[in-house]
Amino acid sequence: MLFRQLFDAETSTYTYLLADETTREAALIDPVLEQVERDSKLLEELGLKLVLVLETHVHADHVTGAGMLRERTGATVAASPRGAPCVNRKVAHGDVLRLGRLEVKVLETPGHTDDSLSYLCEGRLFTGDTLLIRATGRTDFQNGDAGQLYDSITGRLFTLPDDTVVYPGHDYAGHALSTIGEEKRHNPRLAGRTREDFVTFMKSRQLPPPKKLDVAVPANRACGVIAPQPQA
């Protein structure tokens with residue numbers, strides 16, 4: 001498998017490129033609108049054909065590049081049926097997306113948002129905002145639910161092999177990756193914590209809303225099309 005981890009510094013967002021080295025079919029996970037030119041150039045340089053864009057959820061902190069990439073390449077955009085209505089393919093837990101000879105397995109991991117998905121491919125786990133490195137996504141908007149997030153992480157992600165590599169949707173502390181085993185042992189929100197502990201902690205957090213919330217959520221429900229602002 002050909003693999004790249006890409007970063008948007010403004011929003012601390014990771015985008016992931018996966019490709020089958022034989023067929024040259026590629027997928028992008030959580031592309032950022034402002035980075036479409038970068039990602040398109042990389043695909044061209046590597047001789048890849050973008051066939052899938054995978055969204056982990058409707059993002060509140062950046063606008064997706066999914067719609068623009070679909071328009072340019074004809075790629076299929078996939079996400080949860082509880083998420084953006086504009087996607088081509090609505091996927092559920094246990095579904096398998098094929099990328100040449102690669103298989104990308106869909107895991108439903110709600111809690112950060114009700115439409116959150118993770119994707120598993122050849123020992124690499126792409127967790128979106130569900131499980132971050134030594135942290136988790138927040139649960140205070142977009143139908144978030146702290147108890148549901150705890151259940152998704154401990155009952156679904158933490159049942160994967162300990163050497164499964166965790167690639168999060170964001171990082172704010174300079175970490176690129178982790179493993180399931182590391183997070184089980186060292187994630188301070190989860191290691192040695194009960195479900196009640198976790199819910200109490202998440203409810204006690206007083207966080208400002210994401211800066212792009214009002215623009216990003218409606219735009220991402222339209223696959224990255226930003227509605228024109230009314231004139232004053």
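Worth saying up front: this structure is predicted, and the values here are computed from it rather than measured. If you read the sequence from its start, that first residue is 1, and numbering goes on from there.
- Looking only at atom types and distance, the side chain of Thr200 has no donor-acceptor partner in the side chain of Asp197 under 3.5 Å away.
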Full working for side chain to side chain contact (heavy atoms under 4.5 Å, CB included) between Leu190 and Leu131: CA-CA 10 Å; Leu190 299 158; Leu131 177 63; 4.0 Å; yes
For Arg101 and Glu21, run salt bridge (Lys or Arg N to Asp or Glu O under 4.0 Å): C-alpha distance rounded to whole Å, both residues' side-chain angles, the deciding distance at 0.1 Å, then the answer. CA-CA 9 Å; Arg101 295 176 298 179; Glu21 295 188 79; over 6 Å; no
Let me have the donor-acceptor pairs involving side chains of residues 114-123, under 3.5 Å, with sequence neighbours excluded, atom names and distances please.
from: Asp114; atom 1: OD2; to: Asn143; atom 2: ND2; distance (Å): 3.2
from: Asp115; atom 1: OD1; to: Thr113; atom 2: OG1; distance (Å): 2.7
from: Asp115; atom 1: OD2; to: Val58; atom 2: N; distance (Å): 2.9
from: Ser116; atom 1: OG; to: Thr113; atom 2: N; distance (Å): 3.3
from: Ser116; atom 1: OG; to: Thr113; atom 2: O; distance (Å): 3.4
from: Ser116; atom 1: OG; to: Thr113; atom 2: OG1; distance (Å): 2.7
from: Ser118; atom 1: OG; to: Thr109; atom 2: OG1; distance (Å): 3.0
from: Tyr119; atom 1: OH; to: Glu55; atom 2: O; distance (Å): 2.8

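- Both Leu17 and Met68 are part of a single hydrophobic cluster, where members link through side-chain heavy atoms under 4.5 Å apart.
- Distance check, rounded to the nearest 0.5 Å: NZ of Lys49 to CD of Glu44 gives 13.5 Å.
- With a 6.0 Å radius and a threshold of 12 heavy atoms from other residues, nucleotides or ligands, Arg195 has its CZ atom above the threshold.
- By the 6.0 Å contact criterion, NZ on Lys105 is open, its count of non-hydrogen atoms from other residues, nucleotides or ligands being 12 or less.
- When only modelled atom types and interatomic distance are considered, Arg89 and Thr76 share no side-chain donor-acceptor pair under 3.5 Å.
- By the 4.5 Å heavy-atom criterion applied to side chains, Thr11 and Lys212 are counted as neighbours.
- Cluster membership for Leu149 and Leu107, using ILVMFWY side-chain heavy atoms within less than 4.5 angstrom, is shared.
- The CD atom of Glu37 sits 13.0 Å away from atom CG of Leu42, with the distance rounded to the nearest 0.5 Å.
- Taking CG from Leu54 and CG from Asp30, the interatomic distance works out to 8.5 Å, rounded to the nearest 0.5 Å.
- Remark: Arg193 fails to qualify as a cation-pi partner of Phe201 under the 6.0 Å distance and 45° angle criteria applied to the six-membered ring.
- A donor-acceptor contact shorter than 3.5 Å is absent between the side chain of Thr15 and the backbone of Leu6.
- Taking a 6.0 Å sphere around NZ of Lys184, one finds it holds more than 12 heavy atoms contributed by other residues, nucleotides or ligands.
- Note: Tyr167 and Tyr14 fail the aromatic proximity criterion, with ring centroids not under 6.0 Å apart.
- Linking Ile, Leu, Val, Met, Phe, Trp and Tyr whenever their side-chain heavy atoms come within less than 4.5 Å leaves Phe158 and Ile133 in two separate clusters.
- Using the six-membered ring where Trp is involved, His170 and His62 have ring planes that are perpendicular, over 60° apart on the 30 and 60° scheme.
- Using a 4.5 Å heavy-atom threshold, the side chains of Arg221 and Cys86 count as separate.
- Here Asn88 pairs with Arg70 under the side chain to side chain donor-acceptor pair (under 3.5 Å) rule; sequence neighbours left out.
- Between the side chain of Asp95 and the backbone N or O of Ala92 there is at least one donor-acceptor pair closer than 3.5 Å.
- At least one donor-acceptor pair under 3.5 Å links the side chain of Asn220 to the backbone N or O of His59.
- Here the CD1-CG distance, from Ile180 to Asn187, works out to 10.0 Å after rounding to the nearest 0.5 Å.
- Remark: Gln5 CD is packed, more than 12 non-hydrogen atoms of other residues, nucleotides or ligands lying under 6.0 Å away.
- We find the CG-CZ distance between Leu18 and Arg4 to be 11.5 Å, quoted to the nearest 0.5 Å.
- Listed by first and then second residue, the salt bridge (charged side-chain N to carboxylate O under 4.0 Å, His left out) pairs involving residues 126-147 are Arg134-Glu182, Arg134-Glu183, Arg138-Asp140 (not counting sequence neighbours).
- For His112 (side chain) and Thr130 (main-chain N/O), no donor-acceptor pair under 3.5 Å exists by modelled atom type.
- For the pair Leu97/Val106, a side-chain contact is recorded, criterion being any heavy-atom separation below 4.5 Å from C-beta on.
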Set out, in order, the CA-CA distance, both residues' side-chain angles and the distance that settles side chain to side chain contact (heavy atoms under 4.5 Å, CB included) for Val217 and Phe141, then state yes or no. CA-CA 11 Å; Val217 170; Phe141 56 83; 6.0 Å; no
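- Rounding to the nearest 0.5 Å gives a distance of 7.0 Å between OH of Tyr16 and CZ of Phe126.
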